[in-house]
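Here's the structure we're looking at; comments come further down.
Reminder, nothing fancy here: chain letters follow the sequence lines and each chain counts from 1.
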2 protein chains.
Amino acid sequence: MAVTPLEGGENASSGKADRRRLELAESAFKTLGELGYARSSLREIAQNSEFSHGVVHYYFSDKIDLITFCVRHYKTACSRRYDAVVDAATTVEELTEGFLATMGATLVEDTGLHRLWYDVRAQSMFEPSLRGDVLHVDRLLEQMTWRVLTRYAELAGRAPCVDAPTAYALVDGLFEQAVIAGSVDPATARANLTARVATTLPLLLTP
Amino acid sequence: MAVTPLEGGENASSGKADRRRLELAESAFKTLGELGYARSSLREIAQNSEFSHGVVHYYFSDKIDLITFCVRHYKTACSRRYDAVVDAATTVEELTEGFLATMGATLVEDTGLHRLWYDVRAQSMFEPSLRGDVLHVDRLLEQMTWRVLTRYAELAGRAPCVDAPTAYALVDGLFEQAVIAGSVDPATARANLTARVATTLPLLLTP
DNA sequence: CGTCGATCTTGACAACTGTCCAGAAAAGTC
DNA sequence: GACTTTTCTGGACAGTTGTCAAGATCGACG
């Protein structure tokens, strides 16, 4: 019996098994981004990979296990997307421009990821077993937003006038609306998003 | 053959049939608020009503038809919740206090409705047939937010510095975070929500 | 080459889903 | 009361789902 694959939950470095897990997650992610949480069946996910549907239960204990792994993996990477911009910017204008460009880019490029995220987050309201991972990712995104805002404030020589959870909720509200609107018209959604975030950012600093 | 019930889609006043529809929707709403869109089966919904599962297809053409009817009905009422406060308030303090109190109340009282709404809105990203109704409700909520904000600005003798879609997205971002957090700890979620909205509102006016 | 464990496939399982329909029940009409 | 129409029931249908397990396949090692 093979126990190793399922036991690697805590630290992620069993080597071969973890590579398979990632491979599976990659295929699952493709399906999940298109169909969403509820409509993605394990058979459909497996069909978009090079494996059969049974192998999922060899590397993941559960459907939820697979999906949370997916969300965690991709959204963790996602939460680092602005790091380069934050580090490189030396003026407010540079930071603003870089931030808005990156944000607009991920809106249209990683649409599937964002859809899946908002879907899973909504599901977590009904499915308690999702809440842990959702909370974890939410904190990552909050920190991401906060890194941008504090750097923005620093470069402007001012201070944020809202705390991290508030800043995140506000910006995320704009972003979610853009993801939803982007399902119909991505280009307009992107333009609106950047314009609205550009309007909002200055409001988050003390005068 | 009975054609009447299904044909009443456009104008809603066939009398008896519409009362049944509302009755069904009421039961459906109860189930939907607890289980969410995906996990609510028609049998489960019917079991929470006084009818059998077959009757749903007599008054609704579809599962989606029932759910969108539900969301539309309840969220339309919801979008009028602040009207009294807006009309009655004569000072900024009155409006703020009334608005925050009502908002906090609906957060904990109508939790099911808000959960269902965010769920359905997320599903609309994957299910195009939901988008029409979601867009419609979204506009209602945007107007609702805008009515509050313009009155707030008027009483303050200032002007809003963001447009209606931006204002709605920002406030809704705070509210959605509160609904999610409220799944774990409603009281704290409510306290945080009112505090954060109180911080945010003044930022939406020109200095 | 043969053995053994890890890995994967395939098919089966029981449960559940939305939808439809034949007929029971109820309501309305003369 | 006899009829027609509306309303409702309960079961059947075909499909899908997550899960599991028995066996095929593979690869490494002695």
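Side-chain atoms of Tyr168(B) and Gln177(A), non-hydrogen and from C-beta on, do get closer than 4.5 Å to each other.
Atom CG of Leu35(A) is separated from atom P of dT16(D) by 14 Å (rounded to the nearest Å). Rounded to an integer number of Å, the gap from Ile67(A) CD1 to dT17(D) P is 13 Å. One atom, CZ of Arg39(A), and another, P of dG18(C), lie 12 Å apart when rounded to the nearest Å. Between the CZ atom of Phe51(B) and the P atom of dG11(D) there is a distance of 19 Å, given to the nearest Å. Distance CG (Leu42(A)) to P (dA12(C)): 20 Å, rounded to an integer number of Å. In this entry the distance linking CZ of Phe60(B) with C1' of dT7(D) reads 15 Å, nearest Å. One atom, CG of Asp62(A), and another, C1' of dC20(D), lie 13 Å apart when rounded to the nearest Å. Rounded to an integer number of Å, the gap from NE2 of His57(A) to P of dA22(D) is 16 Å.
Heavy atoms from other residues, nucleotides or ligands lying under 6.0 Å from CD of Glu127(A) number more than 12.
The minimum heavy-atom distance linking Arg115(B) with Ser183(B) is given by the pair NH2-OG, 3.5 Å.
Comparing Ser41(A) and Glu50(B), the nucleotide of DNA chain D nearest to each residue sits closer to the 5' end for Glu50(B).
The side chain of Ser52(B) contributes no N or O atom lying less than 4.0 Å from OP1 or OP2 of dC8(D). Here Arg20(A) reaches the OP1 or OP2 of dC8(C): one of its side-chain N or O atoms lies under 4.0 Å away. Listed pair Tyr59(B) / dC8(D) meets the phosphate criterion, a side-chain N or O lying under 4.0 Å from OP1 or OP2. At dG28(C), one or more side-chain N or O atoms of Lys16(B) fall inside 4.0 Å of OP1 or OP2 (strictly under the cut-off). Proximity of Tyr58(A) to the phosphate of dC8(C): no side-chain N or O atom is located under 4.0 Å from OP1 or OP2.
Taking the six-membered ring where the residue is Trp, the centroids of Phe29(B) and His73(B) are separated by 6.0 Å or more.
Annotation: the span from Thr96(A) atom OG1 to Leu201(A) atom CG amounts to 6.5 Å, rounded to 0.5 Å.
With dA12(D), dT9(D), dG18(C) as the candidates, the nucleotide lying closest to the side chain of His53(B) is dA12(D).
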